[in-house]
Amino acid sequence: MCGIVGYIGNDNSIPILLEGLKRLEYRGYDSAGISYIKDGIGEVIKRQGKVSALTEAVERENISAPIGIGHTRWATHGVPNEINAHPHYNREKSLFLIHNGIIENYLSIKAGLVKEGYEFFTDTDTEVLVNLIDRYIKKKNLSLFQAVRYALNEVEGTYGIAVLSIAEPDKIVVAKNGSPLVIGIGDQENFIASDVNALVSHTKQVVYLEDNEMAVIYKDRFVAKTISDERIEKEIHEITVDADEITKGGFPHFMLKEIMEQPESVRNSMRGRLILDEGLIKLGGLLGYEQRIANSNRIIISACGTSWHAALVAEYMIEEFCGIPVEVEYASEFRYRHPVIRKDDTIIFISQSGETLDTLAALKEAKRRGALVMGVCNVVGSSIARASETGVYIHAGPEIGVASTKAFTSQLIVMALITVLIARNRQMSQIEGVELTKAISELPEKIQEILELNDQIEKIAEVYKNASNFLYLGRGYNFPVALEGALKLKEISYIHAEGYPAAEMKHGPIALIDDNMPAVFVAPNDPTYEKIISNIMEVKARNGKVIAIACNGDSKIDDMVDHVIKIPTTHRMLTPILTVIPLQLLAYHIAVKKGLNVDQPRNLAKSVTVE
Ligand code: M6R
């Protein structure tokens with residue numbers, strides 16, 4: 001959470017910072033600010049709210065400065081107002097700092113600084129850090145780099161920071177621990193950012209800082225060191241994201257664009273990985289690990305949010321086709337509950353961003369305990385991808401909308417590929433492998449067919465946009481889809497929604513059913529179909545409204561429900577990749593009709609880099 005950006009070079013930093021902040025806004029949008037040094041004077045401009053409010057304020061000033069830093073905030077310590085907005089600075093306004101993360105011991109550091117006469121004006125943890133750096137500069141007469149280093153050695157918590165000093169206006173000092181930080185390498189100019197999206201229009205060459213690393217960024221070079229002051233050589237990576245991949249491309253919202261991109265994004269997830277005539281799977285990232293994975297005694301899959309729902313679907317897939325016991329864990333619980341981890345376990349961490357702090361921390365713990373650690377990530381070069389021993393990229397392309405859509409379907413594709421790969425190394429026959437790989441390859445066209453139902457789904461959204469509660473029900477492979485449908489609706493429309501295994505309804509949630517309660521049933525043609533029909537009848541008997549997702553050719557369901565959205569059939573294991581799409585569209589249209597900001601829903605951020 002929070003996005004940070006910085007520039008040093010011969011150009012004007014201001015438009016570069018504002019553009020970078022716009023690109024990072026999905027990481028937080030409570031407030032935004034920049035600071036820059038011009039003619040030996042440091043200035044700060046901050047605004048509460050979105051980057052657009054800051055842009056308006058900055059553009060009125062017509063500023064040009066060759067060095068600057070910027071921040072877009074997701075509030076942790078202190079309400080989202082202008083005072084608490086970053087950058088923070090010292091009393092003399094000679095030091096400026098932006099921070100993504102949390103300084104956990106800020107209260108004790110603050111108490112020490114107050115005793116020494118420091119004053120604080122914000123409720124943030126970050127203001128403590130900038131004053132601690134100031135203290136080291138003044139008391140020990142240290143350079144900016146050394147003062148930052150000394151200060152960070154006192155700090156507990158997570159940070160990606162960038163610091164400017166008017167005394168050393170030729171550099172930006174950056175450091176990372178737990179929050180991402182990327183350096184963009186240009187020609188007589190350099191950049192820093194929380195992720196590569198902010199850099200793609202300027203450079204394709206990037207350097208990823210690792211935890212406990214720092215760097216001094218000059219316009220024509222950078223020097224990287226550890227927090228213990230040891231010099232390190234960093235590898236320069238070439239990024240492949242294009243600037244036009246991170247625009248709305250004519251769609252009113254990123255979320256709609258990303259939903260509509262799914263035929264292509266799932267195609268990219270499977271591209272070059274299916275060997276159709278042999279029913280085999282090739283995953284370059286797992287090369288050399290296939291046997292170890294296939295011989296695992298247990299697979300644990302850990303993730304958060306939508307990625308956790310993908311993990312639940314994968315549990316059904318792997319247990320059915322590979323015969324390996326699977327456990328699915330919320331990363332936040334896994335890391336703290338002393339899980340039993342064995343060396344012959346494979347632990348898969350699923351994360352779109354690859355930066356989710358709980359997932360990353362769980363991964364590090366699993367690795368420390370000797371299990372094989374696999375990452376399934378979207379963002380190339382992300383922290384989880386880099387920390388994994390082995391892994392698979394989902395290649396969904398940049399996902400900017402806070403509500404995850406195309407990443408979910410691509411995660412499911414990759415988990416289906418992993419399932420077939422393991423299963424073919426165990427008991428799955430070639431015939432079954434061929435059947436499954438063929439079914440996977442046919443998914444993009446089927447998704448396209450579902451997207452053509454957009455108008456029908458929009459009309460259903462119109463009917464239910466004022467509902468205050470929703471139930472989502474599914475069984476088997478589609479129970480996690482019910483959870484995902486409910487999550488999509490609540491996060492962008494603020495309507496209370498619950499997902500349940502349909503059979504659990506009679507153990508409690510059925511009490512909620514009345515003629516105002518819409519229940520969305522996920523009812524494809526699979527072995528649970530007849531049971532789901534009984535559950536639908538139970539809701540109808542209590543006057544509930546039913547929206548069903550069913551398969552083409554299912555005419556039986558038509559008279560039983562209020563609305564039915566018909567989708568193509570596929571292999572039972574793959575149905576979630578299709579059934580979720582109408583639910584994404586339903587949530588999207590309801591939120592739009594309620595006049596809400598679907599790409600930046602309140603209180604949320606795309607990348608959750610705090611606990
Ligand atoms: O980047 P990750 O996949 O690790 O993110 C996990 C969750 O924060 C994320 O899926 C979140 O639940 C989304 N807002 C759901 O739409």
Side-chain angles (χ1 to χ4, degrees), residues 1-3 24 26-29 74 178-180 194-195 197 253-256 258-259 262 265 301-314 328-335 348-363 375-388 391-394 396-412 414-415 472 480-481 483-494 497 499 580-581 583-588 591 596-611:
M1 341 217 62
C2 298
L24 293 173
Y26 71 89
R27 301 178 65 87
Y29 31 84
W74 186 85
S179 304
S194 296
D195 72 35
N197 286 348
H253 300 101
F254 280 111
M255 183 178 176
L256 185 61
E258 288 157 8
I259 292 173
Q262 288 176 106
S265 53
I301 316 177
S302 186
C304 303
T306 287
S307 300
W308 184 77
H309 297 155
L312 284 180
V313 176
V328 175
E329 296 266 6
Y330 282 117
S332 53
E333 292 299 313
F334 181 72
R335 59 183 288 207
I348 306 176
F349 294 89
I350 307 181
S351 174
Q352 185 287 128
S353 61
E355 300 296 346
T356 301
L357 187 75
D358 282 324
T359 313
L360 181 60
L363 183 152
V376 172
C377 296
N378 190 29
V379 177
V380 175
S382 55
S383 302
I384 292 171
R386 282 180 288 128
S388 301
V392 187
Y393 282 117
I394 64 168
E399 189 180 68
I400 311 288
V402 165
S404 187
T405 52
K406 65 175 182 172
F408 180 68
T409 44
S410 285
Q411 286 166 344
L412 295 184
V414 164
M415 294 314 296
Y472 285 74
V481 173
L483 298 180
E484 176 60 8
L487 176 64
K488 285 291 88 88
L489 187 71
K490 61 190 148 195
E491 71 180 328
I492 60 169
S493 74
Y494 317 145
V580 75
I581 289 171
L583 305 189
Q584 297 170 342
L585 284 168
L586 184 66
Y588 170 79
L596 298 170
N597 185 340
V598 294
D599 284 337
Q600 295 172 341
R602 71 183 179 206
N603 304 338
L604 291 174
K606 182 76 181 158
S607 189
V608 183
T609 54
V610 293
E611 285 194 51

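Order of appearance sets the numbers: ligands from 1, and atoms from 1 within every ligand.
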Polar atom proximity, [X] to ligand 1 (N or O, under 3.5 Å):
{"X": "Thr359", "value": "no"}
{"X": "Gln411", "value": "no"}
{"X": "Val402", "value": "yes"}

Validation row: [X], [Y] side chains within 4.5 angstrom (heavy atoms):
{"X": "Ile394", "Y": "Val376", "value": "yes"}
{"X": "Pro180", "Y": "Arg27", "value": "yes"}
{"X": "Gln352", "Y": "Thr306", "value": "no"}
{"X": "Ile259", "Y": "Leu585", "value": "yes"}
{"X": "Tyr29", "Y": "Val402", "value": "yes"}

Between ligand 1 and Glu355, can you find any atom pair, the residue atom being a heavy atom, that is separated by under 4.0 Å?
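It does not, in that no heavy atom of Glu355 comes within the 4.0 Å cut-off of ligand 1.
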Numbered atoms and elements of ligand 1 in range of [X], under 4.0 angstrom, heavy atoms:
{"X": "Ser307", "answer": "2 (P), 3 (O), 10 (O)"}
{"X": "Ala403", "answer": "16 (O)"}
{"X": "Lys488", "answer": "15 (C), 16 (O)"}
{"X": "Ser353", "answer": "1 (O), 2 (P), 4 (O)"}
{"X": "Ser404", "answer": "15 (C), 16 (O)"}

Run the side-chain contact (heavy atoms from CB on, under 4.5 Å) check on Tyr472 and Leu586 step by step: do they pass?
CA-CA 12 Å; Tyr472 285 74; Leu586 184 66; 4.1 Å; yes
[atom] - nearest protein heavy atom and its distance:
{"atom": "atom 7 (C) of ligand 1", "result": "Cys304 O, 3.7 Å"}
{"atom": "atom 9 (C) of ligand 1", "result": "Thr306 N, 4.0 Å"}
{"atom": "atom 14 (N) of ligand 1", "result": "Glu491 OE1, 2.8 Å"}
{"atom": "atom 4 (O) of ligand 1", "result": "Thr356 OG1, 2.4 Å"}
{"atom": "atom 8 (O) of ligand 1", "result": "Val608 CG2, 3.9 Å"}

Does the pair Tyr330 and Asp358 meet the rule for a side-chain contact (heavy atoms from CB on, under 4.5 Å), with working shown?
CA-CA 9 Å; Tyr330 282 117; Asp358 282 324; over 6 Å; no
Any side-chain donor paired with an acceptor under 3.5 Å for Thr405 and Gln262?
no
Is it true that a side-chain atom of Lys488 and a backbone atom of Ser493 form a donor plus acceptor pair closer than 3.5 Å?
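No.
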